[in-house]
Each structure stands twice: as C-alpha cells, then as structure tokens.
Amino acid sequence: MIRLEGVAKRFGEVEALAALDLEIRAGEWLGVFGRNGSGKTSLLRILVGLSQPSSGRILFDGEAPDADAWRRVHRALGFMPERVSFFEHLTGEKTLRYLARLKGVSQDEVGPLLSEVDLAGAAHRKLGGYSKGMLQRLNFAQALLGNPRLLVVDEPIEGLDAHGVREFFEILKRVEGRTVVMSSHRVGMMSRYMNRVCVLNAGRIAALGTESDLHRTLDLPVRITLQPSVASNGHLAAELERLAIGSVASRNGAVVVSVSQRDKIRFLACLQPLEGSIDSVRIEEPSLEEVLRETH
C-alpha cells in the first residue's frame, strides 16, 4: 500500500502538485487522468523516487522510505516513462540485456519478454530501424524486467494501434495482485481497465473513485434516445415534454432526452403509456471524457 500525505511539488514559482493526499491500494489498478500540465507526470515521478516532494511525504506499507528502503522498493518496481531514449546502434535484445544487468535481473528473462511484447522477430535489429510502436513495446518490456509487483506507467499506449493496446492489457493481466498506476490522456480506451480513477486538475485531485462513483458525485445527465414509431404521428417530442422530466430535443428524426441520474428510472417508468409511439430506446451513460470535462 502506498500513501501520499500532503505531497506538493514546486518548480520555482510553478506549483505542479498541491498538497495531495492519496492512497493507492495493494493490487489495484489506478488510472491518473488530466490535461497536459495537470500534474500527472510529476506524481508518477515522485512515486518511483525520481523526484522528491517539495513538502509532504510518501509512505510504503506505512513507512517513510530511507535510502535502503528505496533500494528495496526499486527492486520490486517497474517504470515505463512516457519518453525514453535508447541507443539506436544497439539491437532490441542487446538493449534489454544491458538493462537487465543494470537492474540485477537474470538474462534468462530477456528472450521470453521480447516474445511477450511481440518483438522476438526484431530482437536482432538495431533500434534505429524500429517504429514508434516497436520502441514503445521495448519500453514496456524493460518495465517488466524482474516481474515487478508495482508497475508505474506514463502514457503507455502512445504509438500502439488497437491490437497493440489489447495486447498491452492482456500482458498486464497475466500477473495477479500486481499494483498498477498509469496515466494517459486516452481516457475512453484506458478507463475500462481501471479499478479507480484519479482526475488531476492544476496539481489537485478534482475527482477520485470508481467510474460509477464519479457519475454519482457529479450527477452528469443520462442521454436517452427514442426512435418514434409511425403511430406517433410526429407528436412524441411534445408528449415527452409534457412529462417535464429532463430536456427534450429532436435530432435526425429521433428524440433525445437528457435526464439526471436521480430521474432516470422515473423517466423510463413514464414511457410505458407511450410504448405504441416508440420503436426503440437507447440509454447512454455519460462517458469518462465528459466526467473529465466537468472537473476542469
């Protein structure tokens, strides 16, 4: 378990993080989201010990780590930074072997890891000929060296296509009980895998919880799209307006009603007397992208 207590980070006059209190539970996947400059990378760098808080403290299993404790943390930690520079004249295999030596990890892990991230066929190619997606997969492989129990990843799916994103999460799921903290701006693609979401805004926690928690807290409207039947004779929108529940709009022949979370069930119950006027109903819960917009 990791706990941040009053953690702040300043760069001169710029406040990157402002007295954050945050608990990261053992074995959970926490997604850290926010716009550029919200403090995501500063938070991740503090978590892995690459940056020290300007004030506050970070605790691992209830203890503030000294130099020896940080060394123990690093042995159980994998970090995948957003940007990493490799030596272009080295091959993928030689790069991973070099990093394994630095981390004190067995060379026997190198071959299987290259296969796992789908780079076995390019293992002996120089990195100067790697695509952005291939370099990102190599970055992922180095983070997995030593089978870390804590994995911190910054913008991990940049450069990956949809197939690569699915493979990335399939690899992560193969190790049970691993704690994963990851940031990204590709919210919709990432949020479905997270246990909890932490939304940062100007260095502060704007929202924290499960996606359902955030929907309830912010009470974002639900969109209900109704396709009128021929029998409605064009009067469905007017009938829905008379219910006085939510806002009603006509779009491309359909009727779209926006209702609050608390009024959703009441509105749906009111549709029964109108069923002859309705061909279909589609309910759209607010997306996490809308949650992010609401918190900024």
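Sequential numbering from 1 along the given sequence is applied to the chain's residues. None of these values were measured; they are calculated from a predicted model.
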Undergrad: Using the rule given for side-chain contact (heavy atoms from CB on, under 4.5 Å), can you reason through Leu240 versus Leu274, listing the C-alpha separation, both sets of side-chain angles and the distance that settles it, and then say yes or no?
TA: CA-CA 9 Å; Leu240 293 172; Leu274 302 175; 3.9 Å; yes

Undergrad: Just wondering, do Gln107 and Arg101 contact through their side chains at under 4.5 Å, heavy atoms?
TA: yes

Undergrad: Does any N or O in the side chain of Asp213 come within less than 3.5 Å of the main-chain N or O of Thr210, such that one atom is a donor and the other an acceptor?
TA: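 A pair under 3.5 Å: yes.
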
Undergrad: So, the side chain of Ser38 versus the backbone of Asn201: is there a donor-acceptor pair under 3.5 Å, distance only?
TA: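 No, Ser38 side chain to Asn201 backbone: no donor-acceptor pair under 3.5 Å.
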
Undergrad: What's the separation between atom CZ in Arg45 and atom NZ in Lys40, rounded to the nearest 0.5 Å?
TA: 14.5 Å

Undergrad: Can you tell me how far CD of Glu109 sits from CG of Leu114, rounded to the nearest 0.5 angstrom?
TA: 11.5 Å

Undergrad: Under the 3.5 angstrom rule, does the side chain of Ser54 hit a backbone N or O of Arg10 as a donor-acceptor pair?
TA: yes

Undergrad: Give a yes or no on whether the backbone of His235 and the side-chain of Asn233 come within a donor-acceptor separation of less than 3.5 Å.
TA: no

Undergrad: What's the verdict on side-chain contact (heavy atoms from CB on, under 4.5 Å) for Val222 and Gln261, showing C-alpha distance, side-chain angles and the deciding distance?
TA: CA-CA 6 Å; Val222 179; Gln261 292 283 343; 3.4 Å; yes

Undergrad: Will you find, in the side chains of Asn195 and Arg25, an N or O donor that is under 3.5 Å from an N or O acceptor?
TA: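 There is no such pair between these side chains.
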
Undergrad: So does Ile278 get a backbone contact from the side chain of Gln227, meaning a donor-acceptor N/O pair under 3.5 Å?
TA: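 Checked: no pair found.
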
Undergrad: Between Glu63 and Arg57 (salt bridge meaning N to carboxylate O under 4.0 Å), is one present in this structure?
TA: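 Between Arg57 and Glu63 there is no salt bridge, as every charged N stays at least 4.0 Å from the carboxylate O atoms.
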
Undergrad: Using the rule that Ile, Leu, Val, Met, Phe, Trp and Tyr join whenever any side-chain heavy atoms are under 4.5 Å apart, tell me whether Leu20 and Leu50 fall into a single cluster.
TA: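 Yes; tracing contacts between hydrophobic side chains, which count when under 4.5 Å, links both residues.
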
Undergrad: Return yes if a side-chain donor-acceptor contact under 3.5 Å exists between Ser183 and Asp154, otherwise no.
TA: yes

Undergrad: Any side-chain heavy atom of Leu271 sitting closer than 4.5 Å to one from Leu226?
TA: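 In contact.
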
Undergrad: Does the pair Leu151 and Val181 meet the rule for a side-chain contact (heavy atoms from CB on, under 4.5 Å), with working shown?
TA: CA-CA 6 Å; Leu151 189 63; Val181 182; over 6 Å; no

Undergrad: On the six-membered ring of Phe11, is Lys9 placed so that its NZ or CZ lies under 6.0 angstrom from the centre and within 45° of the ring axis?
TA: yes

Undergrad: Would you check if Met194 and Met182 make a side-chain contact, meaning some heavy-atom pair closer than 4.5 Å?
TA: yes

Undergrad: Quick check for you: to the nearest 0.5 Å, what is the distance between Leu113 atom CG and Phe140 atom CZ?
TA: 9.0 Å

Undergrad: Do the side chains of Val180 and Leu30 get nearer than 4.5 Å, heavy atoms only?
TA: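 Not in contact.
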
Undergrad: Where is the tightest heavy-atom contact between Pro156 and Gln136, given as atom of each residue plus distance?
TA: O-NE2, 3.0 Å

Undergrad: Would you check if Thr225 and Val255 make a side-chain contact, meaning some heavy-atom pair closer than 4.5 Å?
TA: no

Undergrad: Heavy atoms only: give me the nearest Gln142-Pro81 pair and the separation to one decimal.
TA: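 Nearest pair, atom of Gln142 first, then Pro81: NE2-CD, 3.9 Å.
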
Undergrad: Membership question, hydrophobic clusters at under 4.5 Å side-chain separation (ILVMFWY): are Leu236 and Val256 in the same one?
TA: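 No, Val256 and Leu236 fall in different hydrophobic clusters.
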
Undergrad: What's the separation between atom CZ in Phe60 and atom CH2 in Trp70, rounded to the nearest 0.5 Å?
TA: 4.0 Å

Undergrad: Can you see which heavy atom on Phe79 is nearest to which on Val48, and at what distance?
TA: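 Here Phe79 and Val48 meet closest at CD1-CG1, 3.9 Å.
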
Undergrad: Show your reasoning for whether side-chain contact (heavy atoms from CB on, under 4.5 Å) applies to Phe168 and Val117.
TA: CA-CA 8 Å; Phe168 171 81; Val117 299; over 6 Å; no

Undergrad: Verify the cluster assignment for Val110 and Val84: are they in a single hydrophobic cluster under the rule of side-chain heavy atoms below 4.5 Å apart?
TA: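 In one cluster with Val110: Val84, yes.
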
Undergrad: Are more than 12 heavy atoms, taken from residues, nucleotides or ligands other than Phe169, located less than 6.0 Å from that residue's CZ atom?
TA: yes

Undergrad: Go through it in stages, so that I can follow the logic: the residues are Arg97 and Glu93, the test is salt bridge (Lys or Arg N to Asp or Glu O under 4.0 Å), and I'd like the CA-CA distance, side-chain angles, deciding distance and then a yes or no.
TA: CA-CA 6 Å; Arg97 289 191 182 281; Glu93 181 184 36; 3.3 Å; yes

Undergrad: I want to check something: taking the side chain as every heavy atom from C-beta on, are Leu4 and Leu43 in contact at a cut-off of under 4.5 Å?
TA: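 They are in contact (side-chain heavy atoms under 4.5 Å apart), so the answer is yes.
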
Undergrad: Using a 6.0 Å cut-off, check whether atom CG of Asn36 has over 12 heavy atoms from anything other than its own residue.
TA: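 Open.
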
Undergrad: Could you grab the distance from atom OG of Ser232 to atom CG of Asp279, nearest 0.5 Å is fine?
TA: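 The distance works out to 8.0 Å.
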
Undergrad: Report yes if the side chains of Val259 and Pro221 come closer than 4.5 Å at any heavy-atom pair, otherwise no.
TA: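 No, side chains not in contact.
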
Undergrad: Report the distance from atom OG of Ser42 to atom CG of Leu47, rounding to the nearest 0.5 Å.
TA: 11.0 Å

Undergrad: Do Leu59 and Glu5 come close enough that some side-chain heavy atom pair is under 4.5 Å?
TA: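 Yes, side chains in contact.
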
Undergrad: Between Arg266 (side chain) and Cys270 (backbone), is there a donor-acceptor pair under 3.5 Å?
TA: no

Undergrad: List the atom of Pro53, the atom of Val7, and the distance in Å for their closest heavy-atom pair.
TA: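 Distance-wise, the nearest heavy atoms are CB-CG1, 4.0 Å.
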
Undergrad: In terms of hydrophobic clustering (I, L, V, M, F, W, Y; side-chain heavy atoms under 4.5 Å; direct or indirect links), are Leu90 and Met134 co-clustered?
TA: no

Undergrad: Can you establish whether the number of heavy atoms outside Arg251 located under 6.0 Å from its atom CZ is more than 12?
TA: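 For Arg251, atom CZ is not crowded (no more than 12 foreign heavy atoms under 6.0 Å).
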
Undergrad: Dump the intermediate steps for salt bridge (Lys or Arg N to Asp or Glu O under 4.0 Å) on Arg242 and Glu239, then the final yes or no.
TA: CA-CA 5 Å; Arg242 280 194 288 271; Glu239 293 181 49; 5.0 Å; no

Undergrad: Can you give me the closest heavy-atom contact between Met80 and Ala143, atom names plus distance?
TA: CB-CB, 3.8 Å

Undergrad: Using a cut-off of 6.0 Å, state whether more than 12 heavy atoms not belonging to Lys103 lie near its atom NZ.
TA: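 Yes, NZ of Lys103 has more than 12 neighbouring heavy atoms, counting only those of other groups under 6.0 Å.
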
Undergrad: Testing the basics here: between Pro228 and Gly253, what is the closest heavy-atom pair and its distance to 0.1 Å?
TA: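 Distance-wise, the nearest heavy atoms are CD-O, 3.3 Å.
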
Undergrad: Using the rule that two of Ile, Leu, Val, Met, Phe, Trp, Tyr join whenever any of their side-chain heavy atoms come within less than 4.5 Å, decide whether Leu102 and Leu145 are in one cluster.
TA: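 As far as the 4.5 Å side-chain criterion goes, Leu145 and Leu102 are connected within one cluster.
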
Undergrad: Is Tyr193 reaching over with its side chain to a backbone N or O of Trp29, donor-acceptor style, under 3.5 angstrom?
TA: no

Undergrad: Quick one, Glu88 with Lys126, criterion salt bridge (Lys or Arg N to Asp or Glu O under 4.0 Å). Give me CA distance, side-chain angles, the key distance, then yes/no.
TA: CA-CA 6 Å; Glu88 293 188 350; Lys126 292 183 178 180; over 6 Å; no

Undergrad: Evaluate the salt bridge (Lys or Arg N to Asp or Glu O under 4.0 Å) criterion for residues Arg178 and Glu176: first the C-alpha distance (whole Å), next the side-chain angles of each, then the deciding distance (0.1 Å), finally the verdict.
TA: CA-CA 6 Å; Arg178 174 184 282 158; Glu176 293 185 7; over 6 Å; no

